[in-house]
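Beneath this line is the structure, given in structure tokens, with notes to follow.
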Amino acid sequence: MSTETVPIQPVNIKRVTTQTLQEMKAAGQPIAMLTAYDYTLARLLDRAGADVLLVGDSASNVMAGHETTLPITLDQMIVHAQAVVRGAKRALVVVDLPFGSYQVSPRLALEAAVRIMKETGGHAVKLEGGAAMLETVRRIVDAGIPVMGHLGLTPQSIYKFGTYKVRAQDDDEANVLRRDALALQDAGVFALVLEKIPATLGAEVSQSLVVPTIGIGAGNGCDGQVLVTHDALGLTVDFNPRFVRRYAQLGETIDAAVKQYVEDVRARDFPSDDESY
Ligand code: KIV
């Protein structure tokens, strides 16, 4: 029997870990996170240098066409995560625990997190919420599973909020967020997403924590940034919040390409002799 060890990683690619993110924060090096839901895009985002790929429950919106993130199931998240993990050679892959899979009890939450880790090969899970989630975070982290927190606008609570407006603009809600952030850190989260809160609060919370914060609509003082990839690449054409920067207009590119294809097929211009056997 050979005693040679098989590397679990392709040579020369060093996997980003939760420890890497901690070191990046300590070195003042911003963390670039993007969402991913499938193999092909995950491979492109990973190759282009994204540090973290989030298999977000925003898949419910951008992949399945639901109005909110609530309908997506754990089984569906697992299928998305399996594909992303196959495409990510360097990035840390974080998988959202979907609505309903972790709010009922810490035990059910741990079961859902264990399924994600065992069935997908993902490296961490993310969940939304503050004080109410502390026991759950501890339970999952105690089982050896890294947890990313998520405060501010937490889309799974959209029906409670009743609006997608900026959160924590008044002192009371800002104080709760400050306390929740510290409590989540104490409970063991390795990083914290801050969504749609004032930039000053995002910067203040980031400075108050040892673990990195990743902002989305939370200003430039966070330790990293995340965008929904379909927003950043211009695929979600009718969604234009202030915090999105469009790095490409792929919606327009696809539109032009498909119109050309249809025209070529109808004109019998495609396929040419060179494209035939
Ligand atoms: O599901 C998601 O895409 C997210 C990001 C907005 C952070 O949670």
Side-chain angles (χ1 to χ4, degrees), residues 21 30-38 41-42 45 50-74 76-81 83-84 88 91-103 112-113 116 120 122-130 133 137 146-158 161 164-168 177 181 184 189-197 202 205-206 211-219 222-233 235-236 239-246:
L21 302 188
I31 297 160
M33 173 159 119
L34 282 167
T35 63
Y37 319 103
D38 67 272
L41 261 185
L45 305 177
D51 302 307
V52 184
L53 294 184
L54 171 66
V55 187
D57 58 358
S58 49
S60 181
N61 310 105
V62 295
M63 300 303 287
H66 294 296
E67 201 178 312
T68 72
T69 57
L70 277 70
I72 200 160
T73 65
L74 181 57
Q76 289 167 332
M77 288 300 295
I78 284 173
V79 172
H80 287 297
V84 170
L92 180 83
V93 178
V94 180
V95 185
D96 258 339
L97 283 164
F99 178 70
S101 71
Y102 64 97
Q103 291 91 345
I116 285 174
T120 75
H123 310 123
V125 298
K126 176 165 84 58
L127 55 77
E128 299 180 4
M133 285 300 137
V137 170
V147 177
M148 180 179 274
H150 186 157
L151 292 175
L153 179 71
T154 46
Q156 292 179 13
S157 301
I158 191 58
F161 297 144
Y164 281 99
K165 78 173 175 46
V166 180
R167 306 305 312 177
L177 191 140
L184 282 169
V189 298
F190 71 92
L192 181 62
V193 168
L194 295 174
E195 180 163 353
K196 223 168 172 188
I197 60 169
V205 170
S206 304
V211 298
T213 59
I214 315 280
I216 175 163
C222 295
D223 301 304
Q225 299 293 329
V226 57
L227 280 175
V228 169
T229 295
H230 289 58
D231 297 339
L233 299 184
L235 285 162
T236 42
F239 180 64
N240 284 302
R242 179 190 173 107
F243 64 79
V244 168
R245 187 180 289 183
R246 304 262 187 217

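None of the values given here were measured: they were computed from a predicted structure. Start at 1 and go down the list; that is how both ligands and their atoms are numbered. Hydrogens, waters and symmetry mates play no part in the numbers below; they use all other heavy atoms, side chains included.
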Interatomic distance, Leu235 atom CG to Thr229 atom OG1 [nearest 0.5 angstrom]: 9.5 Å
Is there a heavy atom of His150 sitting under 4.0 angstrom from any atom of ligand 1? yes
Okay, side chain of Thr120, backbone of Gly122: is any donor-acceptor separation there less than 3.5 Å? yes
Taking 4.0 angstrom as the limit and counting only heavy atoms of Thr35, give me the atoms of ligand 1 inside it, by number and element. 3 (O)
Within-cut-off N or O pair, Lys126 and ligand 1, under 3.5 Å: yes
Among all the protein's non-hydrogen atoms, which is closest to atom 3 (O) of ligand 1, and how far away is it? Ser58 OG, 2.5 Å
Does a donor on one side chain sit under 3.5 Å from an acceptor on the other, for Gln76 and Tyr37? no
Considering non-hydrogen atoms of the protein only, which is the closest contact for atom 4 (C) of ligand 1, and what is the distance? Leu54 CD2, 3.6 Å
Is there a side-chain contact between Leu192 and Leu184, using heavy atoms and a 4.5 Å cut-off? yes
Look only at interatomic distance and state if Glu195 has a nitrogen or oxygen under 3.5 Å from any nitrogen or oxygen of ligand 1. no
Under 3.5 Å, N or O to N or O, is Tyr37 touching ligand 1 that way? no
Do you know which two heavy atoms are closest between Phe243 and Leu227, and how far apart they sit? O-CD2, 3.8 Å
With heavy-atom distances below 4.0 Å as the criterion, list the atoms of ligand 1 near Ile216. 6 (C)
Here the gap from Cys222 atom SG to Ile214 atom CD1, rounded to the nearest 0.5 Å, amounts to 8.5 Å
Contacting atoms of ligand 1, where contact means under 4.0 angstrom from a heavy atom of Asp96: 1 (O), 2 (C), 8 (O)
Evaluate the side-chain hydrogen bond (donor to acceptor under 3.5 Å, both in side chains) criterion for residues Asp57 and Gln156: first the C-alpha distance (whole Å), next the side-chain angles of each, then the deciding distance (0.1 Å), finally the verdict. CA-CA 9 Å; Asp57 58 358; Gln156 292 179 13; 2.6 Å; yes
Numbering as shown, the atoms of ligand 1 that approach Val228 to under 4.0 Å (heavy-atom distance): 3 (O)
